[in-house]
Undergrad: 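Have a look at the structure that comes next, please.
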Amino acid sequence: MKTLWLKGRLALGLLAGGALHALSFAPDPLPQWALSPLQLCTMAWLVTCIWRAPNGLYAARRAWFFALGSFVVGLYWLTISMHVYGYMPMPLAIAALIALSAYLAVFASLAAWLVHFLKAIRVTSLSAMSWAVLAWAAAWTLSEWLRATLFTGFPWLNSGYAHIDSWFAGWSSVLGLYGVTFVTAFVAATIAALVGMNASHPKRALIGVIAFGLAAIGWTLGQVNWSIPAGAPLVARLVQGNVDQGVKFTPNHLSKIIQEHLRLAATPVPAGSPSPQVVVLPETVMAVFQHQIAPSAWQAWIDVAKRQNSTILMGTALFDTKTGNYTNSVIGIDSNTTVQQLSEGTMTQRYDKSHLVPFGEFVPFGFRWFVNLMSIPLGDFTRGSATQQPFTVGNQRIAPNICYEDVFGEELLPAVRGMHETGGATILANFSNLAWFGDSWALRQHWQMSRMRALETSRPILRATNTGATGAIDHRGRDIAQLPPNRIGVLDTTVQGQQGLTPYVRFGNSLILGLSVLILAAAWLRRKRSTSPAHNRDINPDRHP
């Protein structure tokens with residue numbers, strides 16, 4: 001009975017630790033500076049619990065409880081879309097959140113089991129501690145990558161995002177998000193090792209010095225200019241319509257919504273201020289297919305572009321009348337665009353979303369029953385190509401991405417590298433509608449992830465969203481300007497396009513994933529050697545008096 005009580009108490013403690021871990025992915029309630037230390041401390045405690053587990057199964061179970069608490073709390077906003085807008089009963093919405101979190105937590109379990117399998121858990125010597133710390137960093141990094149890759153992936157709440165305002169963020173330009181994940185997992189494991197053992201001996205403290213050195217290198221990398229300005233700064237207008245999701249797709253409101261966005265896009269600029277060269281509107285501003293929109297409405301958008309001498313970029317759904325396929329797209333409208341092009345979906349500048357959202361833009365096999373529990377209009381969109389041309393606006397090249405596409409950093413790299421016929425993007429632009437999730441952490445978490453994309457690519461980012469977070473981020477991941485969430489408004493700002501490739505843009509995730517695999521392979525060889533009969537004879541104290 002006592003054993004069950006202790007197990008239950010530990011499970012509750014791990015759930016609570018995971019819940020605290022979830023607070024590190026966006027400010028509020030905690031201040032920005034506290035996010036990185038919190039993530040390191042909670043992970044250090046998780047690593048301690050894993051190392052003290054009697055076997056791999058116990059270690060996996062402990063990691064699962066921790067990750068379950070983290071995902072349930074960190075992704076609580078999913079219940080808003082299911083219950084408020086999908087009319088799913090709250091108990092079922094909570095059950096669905098727990099089920100998703102339970103699945104996502106399996107990847108943390110895999111990392112914990114692996115370090116136990118490799119016997120990278122004994123920290124009684126400098127050598128053993130070094131292998132334990134390295135193995136944890138490698139296993140955790142690969143588990144996070146697998147979570148973001150398998151079954152279309154779900155990389156939300158990757159531990160690296162907690163460090164966007166820390167010294168560790170500098171690693172993102174070289175090794176990307178997963179490089180930050182590796183380095184911070186290494187540091188967290190180092191903390192666990194030093195707290196759990198006598199670190200007073202200089203040799204044992206050496207690994208602590210290495211961990212501090214990794215942070216210092218990250219700070220140094222953050223001071224490097226990986227890109228240079230490209231052309232003149234671009235004057236941009238970002239539009240936030242703040243349309244309630246409950247009426248966004250209601251036929252009676254479509255005309256009013258279009259008119260409101262037209263008004264916002266055409267807002268006069270103050271005297272002496274430059275007119276916007278580009279106007280960026282959110283995802284699915286036009287909430288019906290292009291051929292269902294009156295030609296006069298399309299003409300109104302063209303007229304705004306002509307009056308301002310600007311290019312209008314907006315999210316809309318496009319329908320191919322020949323194939324019956326439809327896409328979630330971004331289109332460009334300028335003074336040369338015709339009504340016929342817009343009505344037929346043959347405009348010159350067009351981007352079709354490539355990474356579709358499960359349960360939002362396509363229904364995974366075997367889950368139609370789940371979708372039927374909700375009253376959300378869902379369909380199977382057609383995927384766009386993985387490589388599409390950036391939009392040319394003035395002397396800048398803008399690469400669009402839609403909604404949560406920008407949480408898959410490696411998928412943005414082809415647009416930044418460029419193709420044979422054109423140069424790479426100088427500016428990235430995200431078009432989102434997070435109104436599904438109310439005034440929740442989802443908005444702030446997504447902003448943090450966009451900041452990481454700016455660091456990885458050394459490109460500024462424009463974000464136009466329905467309810468927030470709408471704003472601009474510079475090529476160093478710093479906030480330029482941001483509209484308050486859940487308010488109607490426009491934000492006029494200036495961004496400087498950049499050119500030049502960071503090491504991460506050149507090599508993607510291959511460097512950090514290759515390093516992680518090599519470390520685990522070496523740890524496996526070390527384990528194999530340590531368990532071989534010959535090795536055991538060599539270290540038998542009776543044979544070596």
Side-chain angles (χ1 to χ4, degrees), residues 152-153 248-249 261 278-293 298 301 311-334 337-364 377-393 397-422 424-425 427-434 436 446 450 453 457 459 461-466:
T152 79
K248 183 174 176 64
F249 296 98
H261 281 91
V278 63
V279 179
V280 187
L281 296 106
E283 177 185 14
T284 58
V285 164
M286 312 298 270
V288 294
F289 294 124
Q290 82 286 350
H291 65 283
Q292 297 172 320
I293 296 172
W298 283 128
W301 285 109
T311 299
I312 297 173
L313 307 182
M314 65 166 65
T316 185
L318 297 180
F319 183 78
D320 188 329
T321 55
K322 295 179 180 179
T323 64
N325 295 332
Y326 46 93
T327 57
N328 187 357
S329 304
V330 171
I331 62 173
I333 301 174
D334 58 27
T337 307
T338 67
V339 171
Q340 182 178 359
Q341 287 176 322
L342 293 172
S343 297
E344 295 176 354
T346 58
M347 60 288 298
T348 304
Q349 301 202 101
R350 166 178 172 173
Y351 169 82
D352 299 331
K353 188 175 183 181
S354 175
H355 199 125
L356 302 179
V357 182
F359 304 106
E361 292 162 328
F362 77 95
V363 181
L378 302 176
D380 287 309
F381 286 78
T382 300
R383 300 177 189 274
S385 170
T387 56
Q388 301 181 56
Q389 296 281 6
F391 291 10
T392 300
V393 179
R397 294 181 296 276
I398 302 177
N401 57 80
I402 300 175
C403 193
Y404 93 148
E405 280 188 312
D406 73 337
V407 306
F408 298 89
E410 65 277 13
E411 295 182 8
L412 306 187
L413 302 186
V416 179
R417 294 181 188 129
M419 288 163 272
H420 296 300
E421 58 272 25
T422 62
I427 297 172
L428 301 178
N430 178 259
F431 301 74
S432 290
N433 174 29
L434 298 181
W436 294 104
H446 200 190
S450 287
R453 300 293 85 83
T457 61
R459 293 293 187 274
I461 295 179
L462 299 172
R463 284 177 50 88
T465 69
N466 181 16

Undergrad: Can a donor-acceptor pair be found, under 3.5 Å and without considering hydrogens, that links the side chain of Arg350 to the backbone of Ile331?
TA: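 Checking the backbone N and O of Ile331 against the side chain of Arg350, no donor-acceptor pair under 3.5 Å is found.
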Undergrad: Give the minimum heavy-atom separation between Val357 and Tyr404, together with the two atoms involved.
TA: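 For Val357 and Tyr404, the tightest heavy-atom pair comes out as CG2-CE2, 3.5 Å.
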Undergrad: Just wondering, do Ser450 and Arg463 contact through their side chains at under 4.5 Å, heavy atoms?
TA: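 They are in side-chain contact.
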Undergrad: Any side-chain heavy-atom pair from Leu313 and Leu281 closer than 4.5 angstrom?
TA: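 Not touching, per the 4.5 Å side-chain cut-off.
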Undergrad: Quick check for you: to the nearest 0.5 Å, what is the distance between Phe319 atom CZ and Ser329 atom OG?
TA: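 Answer rounded to 0.5 Å: 13.0 Å.
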Undergrad: For the atom pair OH (Tyr351) and OG (Ser385), what is the distance rounded to the nearest 0.5 Å?
TA: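 Spacing of OH (Tyr351) from OG (Ser385) equals 9.0 Å.
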Undergrad: A side-chain contact here means heavy atoms from C-beta on lying under 4.5 Å apart; do Pro400 and Phe391 qualify?
TA: yes
Undergrad: Kindly give the heavy-atom pair with the smallest separation between Thr152 and His355, and that separation in Å.
TA: O-NE2, 2.8 Å
Undergrad: Once rounded to the nearest 0.5 Å, what's the spacing between atom CZ of Arg453 and atom CG of Leu413?
TA: 9.0 Å
Undergrad: Are Leu412 and Leu428 side-chain neighbours, meaning at least one heavy-atom pair lies under 4.5 Å?
TA: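 When only atoms from C-beta onward are counted, Leu428 and Leu412 do touch, with a gap below 4.5 Å.
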Undergrad: Does Gln349 use its side chain to pair, donor to acceptor, with the backbone of Thr392 at less than 3.5 Å?
TA: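 Answer holds: yes.
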Undergrad: Quick check: do Trp301 and Met314 have side-chain heavy atoms less than 4.5 Å from each other?
TA: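 Yes; the side chains approach each other to less than 4.5 Å.
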Undergrad: Looking only at atom types and distance, does a side-chain atom of Glu344 sit under 3.5 Å from a main-chain N or O of Gln341, one as donor and one as acceptor?
TA: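 A pair under 3.5 Å: no.
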Undergrad: Determine the sole option in Thr465, Asn430, Asn433, Asn328 for which the side chain to side chain donor-acceptor pair (under 3.5 Å) test with Glu283 is passed.
TA: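 The residue from Thr465, Asn430, Asn433, Asn328 that satisfies side chain to side chain donor-acceptor pair (under 3.5 Å) with Glu283 turns out to be Asn328.
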Undergrad: Which atom pair, heavy atoms only, marks the closest approach of Met286 to Thr316?
TA: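 Scanning both residues, the minimum pair turns out to be CB-OG1, 3.3 Å.
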Undergrad: Under a 4.5 Å cut-off applied to non-hydrogen side-chain atoms, are Ile333 and Thr311 in contact?
TA: no
Undergrad: Which heavy atom of Gly315 sits nearest a heavy atom of Phe431, and at what distance?
TA: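 Closest heavy-atom pair between Gly315 and Phe431: N-CD2, 4.4 Å.
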Undergrad: What pair of heavy atoms forms the shortest contact from Leu318 to Gln290, and how long is it?
TA: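 Result for this residue pair: CA-OE1, 3.1 Å.
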Undergrad: Taking all atoms of both residues into account, what is the closest heavy-atom pair of Ile427 and Arg459, and its distance?
TA: N-CD, 4.4 Å
Undergrad: Could you tell me the separation between the CG atom of Asn466 and the OG1 atom of Thr284, rounded to the nearest 0.5 Å?
TA: 7.5 Å
Undergrad: Quick one: pull up CZ in Phe408 and OG in Ser354 and give me the separation to the nearest 0.5 Å.
TA: 10.5 Å
Undergrad: Can you tell me if Gln292 has over 12 outside heavy atoms packed within less than 6.0 Å of its CD?
TA: yes
Undergrad: With Asn325, which of Thr323, Thr321, Thr327 fulfils side chain to side chain donor-acceptor pair (under 3.5 Å)?
TA: Thr323
Undergrad: With the threshold set at 4.0 Å, does a side-chain nitrogen-carboxylate oxygen contact exist between Asp352 and Arg383?
TA: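 The answer is no: the pair does not qualify as a salt bridge.
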Undergrad: Rounded to the nearest 0.5 Å, how far apart are CG of Asp334 and OG1 of Thr348?
TA: 7.5 Å
Undergrad: Taking side chain as C-beta onward, heavy atoms only, is Ile293 less than 4.5 Å from Trp298?
TA: yes
